[in-house]
Number of protein chains: 2
Amino acid sequence: MTGLDLKQWTSDSVAADLERAIHEHRLPPATKLGEDELGEAYGISRTTVRAALHALSHRRLVELKRNRGAFVAQPSVREAREVFEARALLEPRTAHSAAERMTEPALARLRESIVQEHAAMQAGDDGRALFLSGQFHLEIARIADQTTIEAFISELVSRSSLIIALYWRRRAALCETQAHHALLEAFEQRDGAAAEQLMKSHLLDLVASLDLRNVAEPATSLREALKK
Amino acid sequence: MTGLDLKQWTSDSVAADLERAIHEHRLPPATKLGEDELGEAYGISRTTVRAALHALSHRRLVELKRNRGAFVAQPSVREAREVFEARALLEPRTAHSAAERMTEPALARLRESIVQEHAAMQAGDDGRALFLSGQFHLEIARIADQTTIEAFISELVSRSSLIIALYWRRRAALCETQAHHALLEAFEQRDGAAAEQLMKSHLLDLVASLDLRNVAEPATSLREALKK
DNA sequence: AAGTGCAGTAATGTATACAATTCGGCCTGC
DNA sequence: GCAGGCCGAATTGTATACATTACTGCACTT
């Protein structure tokens, strides 16, 4: 477990640590996140753990079931589609803005991100590669100088990682860095329209790589299903 | 205060209650939300109040200052612009989808919303009118059957209410229901393109009615300003 | 008189103890 | 043999007590 007892953990840092673990698929969907267990792992009390779990539940990365506990979320097929529809609304035009505001240091950060992503993939660390891939998308929103939209994209990217964990079809991997390279070129040329279009197809490719056939998942619990 | 001791308050219901109070301008920006004070008002312990305040801080309706407490957020001019830029990305195309999926019961709900909004305004209850105006926008996302985007819009609408509290220019009021009526007509005709366009201009009008001249707000605290 | 240092106070941050609820196993009865 | 109900264990939900931090006022120094 991550919980080295050296650090002074706060609810925020614990939440960030857990989010990264989820994002990197070290904590797969449906994993039970017991408060006592986590508290012991991090060397803190349940109070702080609870705050972290609640924070993650607000980002839909964790599902809180009353009197049952916290579990890594399992996005439904429906939710998976919605997440990518939301990304399709936000990211292309954000990429457009980013291209227009692009600077040399920003380009350097994007290149560095791709390099690290590539390295992680070479090292066979798929989880880390996936996380870094998300960082690339986040960095674009940061460059576009839209912190509000950045926060939304951050949530959506993390949730996408859960979706990939559940619905990823082909393990063929190179497609990601390829698309990011293409985006980088558009950014280098400050070509907003191209960046917007590339981001749009990149997201469509992502959805296409998923197996989102509706399998009519049984209600997880009758209680839930009968609520209304 | 709202805290009637009849109800069994949970952190979620307290958060919802506070959010509504903020949305209706009963709790203006910068209001101190003391844990003890709220706990006493609702007849619950600080633990539950804290959870509610944390939830609201995740929606950027409340600012948590470490060891200082919780305050109703005061969006900056910058943040105000960002909120409406995000809405401009999300809402027009959501309105488009809504128009295409429109049903008679959904239309009835929209009409009812407008009626109530109008009634509240006639009654001089500006806060409630503002809240209902937000409900209209939310209902559209609900009709579009996009719960993920709906959650984002819900947050943005509530934050918009804070922005209006801070930067509203003219008290002239009728503009809101007017725009909503126009949208309703587009919905009645299932005209997605028109709805999208009307929503776009409606949001632009809203921004235009604000006074977002940059006044270079002084750093709220030197500590914050010098953090990096 | 202005600014600095110090201590008191009041609030939040954290941990722990108790209460409530859920689920699992077992047992009984038909 | 199976369905239904009861009881127990485990885990979360809530409240309270303690620790920590930041601000406020006052006295003191220069």
Side-chain angles (χ1 to χ4, degrees), chain A residues 1 3-18 27 30-58 61-73 218-227, chain B residues 1 3-18 27 30-58 61-73 218-227:
Chain A
M1 185 55 73
L4 298 169
D5 310 76
L6 315 164
K7 185 171 169 180
Q8 202 75 327
W9 291 100
T10 86
S11 66
D12 283 337
S13 64
V14 169
D17 197 57
L18 286 173
L27 292 173
T31 304
K32 171 74 183 290
L33 301 171
E35 297 180 357
D36 276 319
E37 198 178 352
L38 287 173
E40 200 168 342
Y42 286 103
I44 55 180
S45 78
R46 278 179 50 214
T47 308
T48 309
V49 172
R50 270 180 80 76
L53 291 175
H54 276 262
L56 291 176
S57 85
H58 292 132
L61 296 179
V62 159
E63 262 182 74
L64 294 179
K65 305 189 181 175
R66 187 171 177 87
N67 289 310
R68 291 290 324 281
F71 302 82
V72 177
T220 46
S221 85
L222 276 180
R223 177 182 306 277
E224 272 307 308
L226 299 174
K227 235 175 189 175
Chain B
M1 183 55 74
L4 297 170
D5 310 77
L6 315 164
K7 184 172 171 181
Q8 201 74 329
W9 291 101
T10 80
S11 66
D12 284 336
S13 63
V14 169
D17 197 56
L18 287 173
L27 291 173
T31 305
K32 171 74 183 287
L33 302 171
E35 297 180 356
D36 278 318
E37 197 178 353
L38 287 173
E40 201 167 342
Y42 286 102
I44 54 180
S45 77
R46 278 179 50 212
T47 309
T48 309
V49 172
R50 271 179 79 77
L53 292 175
H54 271 80
L56 291 176
S57 85
H58 292 132
L61 296 179
V62 158
E63 262 182 73
L64 293 179
K65 305 189 181 176
R66 187 171 177 88
N67 288 312
R68 290 292 323 281
F71 302 82
V72 178
T220 46
S221 85
L222 276 181
R223 178 183 305 278
E224 271 308 308
L226 298 175
K227 231 175 189 175

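By convention in this document, chain letters (A, B, ...) are assigned in the order of the sequence lines, proteins followed by strands, and residues within each chain are numbered from 1.
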Quiz prompt | Any side-chain heavy-atom pair of Val14(B) and Leu18(B) under 4.5 Å | solution = yes
Quiz item: With respect to the phosphate group of dA15(D), does any side-chain polar atom (N or O) of Ser45(B) fall under 4.0 Å of OP1 or OP2?
Solution: yes
Practice problem: Give the rounded distance in Å between these two atoms: CD of Glu35(B) and C1' of dT16(D). | Solution: 14 Å
Quiz item: Which heavy-atom pair separates Ala15(B) from Ala52(B) by the least distance, and what is that distance?
Solution: N-CB, 3.7 Å
Quiz item: dA15(D) phosphate, OP1 or OP2: any side-chain N/O from Thr48(B) under 4.0 angstrom?
Solution: yes
Quiz item: Would you say a side-chain N or O of Arg68(A) is under 4.0 Å from OP1 or OP2 of dT11(D)?
Solution: no
Quiz item: In whole angstrom, what separates Asn67(B)'s CG from dC18(D)'s P?
Solution: 19 Å
Quiz item: Nearest-Å distance, CZ (Arg66(B)) to C1' (dA22(D))?
Solution: 11 Å
Quiz item: Is there side-chain contact between Val49(B) and Ile44(B), with heavy atoms separated by less than 4.5 Å?
Solution: yes
Self-check item: Distance below 4.0 Å between Thr47(A) side-chain N/O and dG13(C) OP1 or OP2
Solution: no
Quiz item: CD of Glu40(A) versus C1' of dA15(C): gap in Å, rounded?
Solution: 15 Å
Exercise. In sequence, state the C-alpha distance, the side-chain angles, and the governing distance for Leu61(A) and Val72(A), and then conclude on side-chain contact (heavy atoms from CB on, under 4.5 Å).
Key: CA-CA 6 Å; Leu61(A) 296 179; Val72(A) 177; over 6 Å; no
Quiz item: For the pair made of NZ in Lys65(B) and P in dA22(D), what is the distance, rounded to whole Å?
Solution: 14 Å
Practice problem: Take the protein atom CZ of Arg46(A) and the nucleotide atom P of dC18(C), then report the distance between them rounded to whole Å. | Solution: 14 Å
Quiz item: Which whole-number value in Å describes the distance from Tyr42(B) OH to dA15(D) P?
Solution: 14 Å
Exercise. Report the distance from atom CD1 of Ile44(B) to atom C1' of dA19(C), rounded to the nearest whole Å.
Key: 17 Å
